[in-house]
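One-based numbering, in listed order, for ligands and for the atoms of each. Computed from heavy atoms alone, side chains included, the values below leave out hydrogens, waters and symmetry copies.
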Amino acid sequence: MARPFAPWRGFAAMPQQVRRLAVVIVLLVAAYFTARHFLVPRTFGEKGHYRAAAVDSIAVLPIHYAGREACAMCHPAEVAKKAGSFHRGVSCEACHGPEAAHTTDPIGHKPTAPRDRAFCVRCHAYDPARPTGFPQIDPVLHNPVRNCFTCHNPHDPTPPRPPETCAACHGEIARTKAVSPHAQLACTECHTADPRHAQAPRQFLPSKPASREFCGRCHASDAPPPAHLPDARPPKVDLATHGPRYVCWQCHYPHYPEAR
Ligand code: HEC
Ligand code: HEC
Ligand code: HEC
Ligand code: HEC
Ligand code: HEC
Ligand code: HEC
Ligand code: HEC
Ligand code: HEC
């Protein structure tokens, strides 16, 4: 006699741990379909692996960034300058902030310009994690106090306007000399500097005095008074007997010579 179809009897006959496992699996499958029904958005999958309605809900968000092309219409000079510069890869709005409102109402919404040092330092402060060759500076030592844009045009940061005075980079020497007996001597009296030294200092090093006779031009007992410094009265020494065998700057610091 065939037994009536009654799967629960077989189920009841199974070992206890298998029955428990089966219950857990059934609950998990049910939870999965319930979650899928309530949690997955209706339009998911219509256009790919995302919610198709997201396209519309994103499209209604207000636009903050105008994009780089937008600035060209009204600021062709800045755009052209930046395009040929080292900042060609840095978008206008990376520095000026999101400016969509400004493009539709230029006078009513004025962009800000990041003029403080802290802004440039975000990208240029020395950090060994940056790519090799990326131009970096030590913000504490690199021309402190002054704002970066006074030397570097932000739309074309290179070549920076080279400093006009030696003191810009050799401040300590210049300040020392200014209060010394050599105050009236220009740096170029003793150093011949190629103008390119101010742009690539270590590639074009200035000359330095090489011999005792150099100082002797003004200080030797038979030296004529320096014609270009009519008020100067350099004290005289006898080169043959005064500190012979040594160059003068072994005893006299040339930027602050003392007779002691
Ligand atoms: C429809 C024309 C127009 C567009 C597009 C435009 N600007 Fe302007 N922008 C102006 C005008 C006009 C001024 C001058 C406002 C003034 O000086 O009163 C100005 C001034 C500026 C200033 C100087 C603000 C100041 O205080 O001196 C900056 C910076 C600037 N724009 C950046 C941008 C950027 C970045 C973009 C692209 C996202 C852009 N502009 C797009 C018209 C425009
Ligand atoms: C690296 C940051 C940076 C980028 C990139 C940049 N700017 Fe500027 N911009 C500045 C700073 C800083 C000033 C203020 C300069 C000053 O006061 O001399 C300024 C000033 C301006 C001014 C005011 C006029 C002036 O020259 O003083 C305008 C207009 C302007 N920027 C437009 C633009 C446009 C358009 C672009 C994209 C082509 C752009 N900027 C990209 C930093 C930047
Ligand atoms: C968003 C990051 C960013 C900001 C902010 C930024 N820069 Fe730059 N800067 C760059 C990049 C990128 C380069 C090009 C690096 C390269 O070519 O390897 C560069 C190059 C330079 C150079 C090197 C030019 C040369 O001769 O090699 C100078 C100088 C410079 N920037 C100055 C400034 C100044 C000043 C400011 C502030 C007004 C500023 N930067 C803000 C990213 C930035
Ligand atoms: C007093 C003028 C002056 C000021 C202010 C100044 N710089 Fe410079 N900067 C120069 C000169 C000149 C050079 C090139 C000579 C050198 O290497 O010192 C230079 C070089 C650089 C370089 C290296 C370029 C390269 O090719 O490696 C970067 C980056 C730079 N400056 C960024 C800045 C930043 C950022 C600021 C503000 C925090 C700033 N500078 C302030 C004059 C200045
Ligand atoms: C842009 C910054 C800068 C300016 C401007 C500058 N120098 Fe220099 N100078 C340097 C640097 C950097 C060195 C190299 C220092 C080092 O190697 O230790 C240097 C080195 C020197 C040296 C030493 C050369 C050697 O063989 O040791 C002399 C001398 C000198 N400069 C004189 C001058 C004179 C004179 C001027 C003005 C006409 C001047 N410098 C302007 C940055 C500058
Ligand atoms: C009276 C001549 C004289 C004058 C003026 C002079 N120097 Fe010197 N300078 C020297 C001599 C000599 C040396 C070499 C010192 C040594 O080798 O120890 C030197 C060395 C240097 C050095 C190399 C670093 C060092 O301290 O040894 C620098 C940088 C320098 N001078 C910059 C300047 C600057 C900038 C000025 C103007 C503010 C200036 N010098 C004015 C004679 C002079
Ligand atoms: C262009 C002329 C000139 C040259 C070159 C020159 N000096 Fe002088 N020096 C002077 C003058 C001018 C004074 C005196 C200024 C005063 O006291 O009125 C002076 C003063 C001195 C004094 C005396 C300081 C004191 O306390 O009275 C010493 C030491 C001296 N120089 C050393 C040197 C040395 C070393 C060199 C070479 C590196 C040198 N000078 C190159 C013009 C020169
Ligand atoms: C061995 C160290 C030494 C050397 C090298 C030396 N001096 Fe002197 N110099 C002195 C001393 C110490 C004094 C102060 C005492 C004196 O007048 O002899 C002095 C004084 C001077 C004075 C002041 C003289 C006065 O009447 O006020 C001048 C100028 C001077 N030196 C220039 C030079 C020149 C130029 C050279 C190189 C040719 C040189 N010195 C090399 C040690 C030296």
Side-chain angles (χ1 to χ4, degrees), residues 64-76 78-79 82 86 91-126 133-152 154-155 157-178 180-191 193 197-202 205-212 214-215 217-219 234 247-250 252-257:
H64 294 294
Y65 286 89
R68 64 171 80 203
E69 287 83 14
C71 318
M73 185 167 62
C74 305
H75 299 293
E78 281 81 10
V79 170
K82 190 173 79 67
F86 273 94
S91 147
C92 311
E93 288 170 297
C95 292
H96 290 293
E99 287 311 338
H102 168 68
T103 56
T104 48
D105 180 7
I107 308 295
H109 289 91
K110 283 237 198 113
T112 52
R115 292 190 172 84
D116 53 325
R117 289 174 64 88
F119 180 80
C120 312
V121 159
R122 274 193 221 162
C123 290
H124 288 292
Y126 177 73
F134 187 84
Q136 302 176 66
I137 49 138
D138 178 343
V140 177
L141 296 177
H142 185 74
N143 302 300
V145 184
R146 282 175 63 181
N147 276 330
C148 317
F149 75 86
T150 59
C151 296
H152 301 284
H155 306 135
T158 190
R161 195 188 326 137
E164 282 147 29
T165 63
C166 313
C169 303
H170 299 291
E172 205 177 323
I173 292 177
R175 284 190 296 274
T176 306
K177 186 178 75 65
S180 84
H182 275 169
Q184 54 183 323
L185 271 59
C187 307
T188 46
E189 182 81 57
C190 303
H191 302 288
H197 171 62
Q199 275 157 317
R202 289 181 181 82
L205 283 175
S207 69
K208 289 191 287 192
S211 67
R212 292 166 56 82
F214 181 90
C215 309
R217 291 200 313 216
C218 292
H219 291 295
V247 284
C248 319
W249 44 94
Q250 275 171 289
H252 303 287
Y253 182 51
H255 307 131
Y256 199 131

| Within 45° cone of F214 ring axis and under 6.0 Å: R217 NZ or CZ | yes
| Best match, R122, R117, Q136, H142: closest heavy atom to atom 19 (C) of ligand 4 | H142
| Has K177 got any heavy atom lying under 4.0 angstrom from an atom of ligand 6? | yes
| field | Heavy-atom protein contact below 4.0 Å for atom 27 (O) of ligand 6 | value | no
| N, O or S from C190 under 2.8 Å to atom 8 (Fe) of ligand 6 | no
| query | For ligand 4, is N147 a contact, meaning one of its heavy atoms is under 4.0 Å away? | reply | yes
| message | Looking only at protein heavy atoms, which one is nearest to atom 17 (O) of ligand 1, and what is the separation? | response | K110 CE, 3.8 Å
| task | Record the part of H102 in heavy-atom contact with ligand 1 below 4.0 Å; permitted values are side chain, backbone, both and neither. | result | side chain
| What's the shortest distance from atom 16 (C) of ligand 6 to any protein heavy atom, and which residue and atom give it? | W249 CD1, 3.5 Å
| request: Just jot down the ligand 4 atoms closer than 4.0 angstrom to any heavy atom of V121, in number order. | output: 38 (C)
| request: Looking only at protein heavy atoms, identify the closest one to atom 38 (C) of ligand 1 and say how far it is in Å. | output: C71 SG, 2.7 Å
| query | Among P144, C123, C120, which residue places a heavy atom closest to atom 35 (C) of ligand 4? | reply | C120
| From OG1 (T150) to CZ (R115), nearest 0.5 Å | 12.0 Å
| message | Are the side chains of H191 and P209 in contact, using a 4.5 Å heavy-atom criterion? | response | yes
| field | Nearest neighbour in protein (non-hydrogen) for atom 24 (C) of ligand 6 | value | I173 CD1, 4.6 Å
| message | As an exercise, state the distance from NZ of K110 to OG1 of T112, rounded to the nearest 0.5 Å. | response | 12.0 Å
| field | Heavy atom of the protein closest to atom 11 (C) of ligand 6 (residue, atom name, distance) | value | P254 CG, 3.5 Å
| Relative to each other, are the rings of H170 and H197 parallel, tilted or perpendicular (30° and 60° limits)? | parallel
| request: Select one of side chain, backbone, both or neither to describe which atoms of A186 lie under 4.0 Å from any atom of ligand 6, heavy atoms only. | output: backbone
| request: Pick whichever of C151, P154, P157 has a heavy atom sitting closest to atom 5 (C) of ligand 4. | output: C151
| message | Can you tell me if, anywhere in C74, an N/O/S atom lies at a distance from atom 8 (Fe) of ligand 1 that is smaller than 2.8 Å? | response | no
| Enumerated ligand 1 atoms positioned under 4.0 Å from heavy atoms of E99 | 38 (C)
| Does any N, O or S atom of H152, backbone or side chain, fall under 2.8 Å from atom 8 (Fe) of ligand 4? | yes
| Where's the contact between C92 and ligand 1, heavy-atom distance under 4.0 Å: side chain, backbone, both or neither? | side chain
| note | Note: ligand 6 atoms sitting under 4.0 Å from heavy atoms of P209 are 10 (C), 11 (C), 12 (C), 42 (C)
| remark: Of all the N, O or S atoms in H75, the one nearest to atom 8 (Fe) of ligand 1 is NE2
| said: Using a 4.0 Å cutoff against the non-hydrogen atoms of H182, which atoms of ligand 6 qualify? | reply: 1 (C)
| request: Below 4.0 angstrom from a heavy atom of H170, which ligand 6 atoms are there? Numbered from 1 as shown, please. | output: 29 (C), 35 (C)
| message | Heavy atom to atom 23 (C) of ligand 4, shortest distance: which of A118, P135, P139 holds it? | response | P135
| query | For atom 8 (Fe) of ligand 6, does an N/O/S atom of C187 lie at less than 2.8 Å? | reply | no
| query | Which residue owns the protein heavy atom closest to atom 12 (C) of ligand 1, what's the atom, and how far is it? | reply | P106 CB, 3.9 Å
| said: Counting C-beta onward and ignoring hydrogens, is there a side-chain heavy-atom pair between H255 and S180 closer than 4.5 Å? | reply: no
| query | For E172, does the CD atom sit with more than 12 other heavy atoms under 6.0 Å from it, leaving out its own atoms? | reply | no
| Would you say P111 contacts ligand 1, with heavy atoms under 4.0 Å as the rule? | yes
| note | To the nearest 0.5 Å, atom NZ of K177 lies from atom CD of Q184 at 9.0 Å
| field | atom 8 (Fe) of ligand 4 reached by C148 (N, O or S, under 2.8 Å) | value | no
| request: Could you find the nearest protein heavy atom to atom 41 (C) of ligand 6 and give me its residue, atom name and distance? | output: H255 CD2, 3.5 Å
| field | Side-chain heavy-atom pair P157, F149 within 4.5 angstrom cut-off | value | no
| task | Decide whether an N or O pair under 3.5 Å exists between H96 and ligand 1. | result | no
| task | May I ask you to check if ligand 1 and T103 share an N or O to N or O distance below 3.5 Å? | result | no
| message | Please tell me if atom 14 (C) of ligand 1 is touched by the protein, where touching means a protein heavy-atom distance below 4.0 Å. | response | no
